Number of protein chains: 2
Amino acid sequence: MTIEAHRKTTIMDIAAKANVSPSTVSRVLRGSAEVAEAKRTAVMQAVTELQYRPNIFAQSLASGQSMTIGVLTQNFGSPFYDGILHGILLGLEKTEYWPLFADGRWHPEIELNAFHLLLDRRVDGLIVIGGQLAEETLRTVAQRTPLIVVARRIAALPDNSLYLNNFAGGYNATRYLLDMGHRDIVHITAPNVNPIAIDDIEQRYQGYQQAILDAGLQLDPRLVVEGNLQQQSGVLAVEMLLSRGRPFSAIFTANDQMAFGARLALYRRGIRVPEDVSLVGFDDEAFAPYMVPPLTTMRQPAAEMGQTAAKAVLDLLNKKKPNLPLFEANLVVRESVTRH
Amino acid sequence: MTIEAHRKTTIMDIAAKANVSPSTVSRVLRGSAEVAEAKRTAVMQAVTELQYRPNIFAQSLASGQSMTIGVLTQNFGSPFYDGILHGILLGLEKTEYWPLFADGRWHPEIELNAFHLLLDRRVDGLIVIGGQLAEETLRTVAQRTPLIVVARRIAALPDNSLYLNNFAGGYNATRYLLDMGHRDIVHITAPNVNPIAIDDIEQRYQGYQQAILDAGLQLDPRLVVEGNLQQQSGVLAVEMLLSRGRPFSAIFTANDQMAFGARLALYRRGIRVPEDVSLVGFDDEAFAPYMVPPLTTMRQPAAEMGQTAAKAVLDLLNKKKPNLPLFEANLVVRESVTRH
DNA sequence: CTGTTAGCGCATTCAT
DNA sequence: ATGAATGCGCTAACAG
């Protein structure tokens, strides 16, 4: 058993079989130059016959390109982020680029590590979804590598970040409840979570406040409760609320998960939804339509954002200025809200 | 460690700076041989000073190893699969291997393509989560590359597949309802979904049947309804069931999503859970504890399976026979079931 | 222990 | 249009 016997087929093998030089093989394979039709087909045939597959490492080493786009996410399984992931996948599907995923797990150290490993793999472009990387770090990288940050606003990189208008989302959700006749509207926010989400959440809160004021009503701090985005905190928030004794007819939560928790707490207290209290969430998680009753919520266009992000990095790779619209969440009306 | 470094510093630069040969640099960097302490530290210092980062492509090309484990999943966002993903991430975390993800999107062609792209990237090992790749294909690859298939039983590869005892899961769920005094137990199954899941689902159904028989009861086809694993099909299943007029006091669904749908349908019909009908799901999705009322369900040890899979490929890489236990789903009791 | 010498497989100049 | 030559950055076999 010689080494030869098991050696992988290389560009040389197919060059020999097709009676051409290795360079010609390379030319037809990557279409980098015109080649006589006869040789062309001879090469292609040899390729299929020998089941040749190029060695990516050799290719990348020689060309300096990896044909990959690094994608840094924060936990496979977060509904919103996964939606973005799908969009990216879709946006890259018909291109020559292949996504390389890394998971920051919402851990600053793990995230930084993953980020570097992506860079070590010499990705040609980079998409960062949310996360907590220092803006400084992102700025530095952006100078050298096409970079798009999704679901996070980087003030210093207006042309590289893509995010949602959370203020409008909070405003519209609240506005809807007002239009339905509600006057005592609770908001469950989440001020002390990780640094990036906090910004979005704060925006939603601001939107809530502005809508109340625009309706000519007064802000009442007793109607605002704090959670941490987890379902359980929605439960606690409602408990807290009820203990305050301030009457209310509707609840708007900063995300769906807390709405789920809130709904459970109301159920345990025997408070009916939507007869006694209306409920509006934010995210439109897969479960929202199947809650009892189905949850009215703000849908974030995650997939569209991901796809736009993918197109944007490709634009950057081609030295074109990418088009980065400001996205908005849309109200999805379901049965958890009634006219008051 | 900053970003600048990823540029052009090569092993030669640091060799020059440390006054040693490139090979010595390589030796200390990868610990492949003993090196005098003095040179060692000189090299290390040069490395940090020049912010050197090895070129992965050159490394892999020269060594023949990529230090990556390919992971083929089927849609980022499926709760069970994501759990496995997390487990794999965890299992690989402290090793020298880095996971390379690909998404088959539940599309046979896309999956096969992704599979090949993973192989093209010369992964040292491979973990396939579910999917529909031909057993033949898997067997061929397994001969050449360490391969573990998770959440799918490959008869021809008993030492490479890792899955759950779904029969026991179905049996235990049904058994629990029987123990609670229920006699007219509905099962919502899903016979016509994709080829791989169908096997698991069928096993759950078999478990249900066996439990009924073991309790000395008769199987009644009118108590079995078919869905397709989606929430919406749970809604339809219950509608169908009610139209049959056959009384029942409990429903066991083949997955949580259909349980969600079923619960919604019951709500719309004014049938109370659990007072009128008890409900048991399968998967323990994140939402289950927050359903109204909280859902009793079978929890699959996804993360453990993923971690075990990761360890198993590493074992294969080290020519050790991996330990592949048969996993089981555990009952998680919540308020959606009452004694009958 | 350590420096020298060859490749790893391919892309890309150069010449022709 | 095409073959020969060079190098991408690193590892490993071979001497010393």
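In what follows, chains are A, B, ... by sequence order, proteins preceding strands, each numbered from 1. Note that the structure is predicted; figures quoted are calculated from it, not measured.
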Is any side-chain nitrogen or oxygen of [X] closer than 4.0 Å to OP1 or OP2 of [N]?
X       : N      : answer
B:Arg30 : D:dA12 : yes
A:Ser21 : D:dG3  : yes
B:Gln59 : D:dC10 : no
B:Ser26 : D:dT11 : yes
B:Thr10 : D:dG9  : no

Assign A:Pro22 to base, sugar-phosphate, or nothing according to its heavy-atom contacts below 4.0 angstrom with the strands shown. nothing
Ranking A:Phe57 and B:Ala36 by the position along DNA chain C of their nearest nucleotide, the one closer to 5' is B:Ala36
Assuming nearest nucleotide by heavy-atom distance, tell me which of B:Ser23 and A:Pro54 is located more 5' along DNA chain C. B:Ser23
[X] has an atom [atom1]; how far is it from atom [atom2] of [N], in whole Å?
X        : N      : atom1 : atom2 : value
A:Arg27  : C:dA11 : CZ    : C1'   : 10 Å
A:Ile14  : C:dA11 : CD1   : P     : 11 Å
B:Arg121 : C:dG9  : CZ    : P     : 18 Å
B:Met12  : C:dT4  : CE    : P     : 10 Å
A:Ile11  : D:dA4  : CD1   : C1'   : 14 Å
B:Asn19  : C:dC1  : CG    : C1'   : 17 Å
B:Ile56  : D:dC8  : CD1   : C1'   : 15 Å
B:Leu61  : C:dA6  : CG    : P     : 18 Å

Applying the side chain to side chain contact (heavy atoms under 4.5 Å, CB included) test to A:Asn160, which of A:Val149, A:Ile154, A:Leu316 qualifies? A:Leu316
Of A:Ile88, A:Thr73, A:Leu89, the one forming a side chain to side chain contact (heavy atoms under 4.5 Å, CB included) with A:Phe101 is A:Leu89
Check side-chain hydrogen bond (donor to acceptor under 3.5 Å, both in side chains) between A:Asp315 and all other residues, then give those that pass, not counting sequence neighbours. none
Quick one: does [X]'s side chain get under 4.5 Å of [Y]'s, heavy atoms only?
X        : Y        : result
B:Leu50  : B:Lys17  : yes
B:Gln59  : B:Met67  : no
A:Thr308 : A:Met305 : no
A:Lys321 : A:Asp159 : yes

Close approaches to DNA chain D from residues 37-45 of chain A, in residue order (heavy atom, under 4.0 Å): A:Lys39
Judged by each residue's nearest nucleotide on DNA chain D, which is more toward the 5′ side, B:Thr24 or A:Ala33? A:Ala33
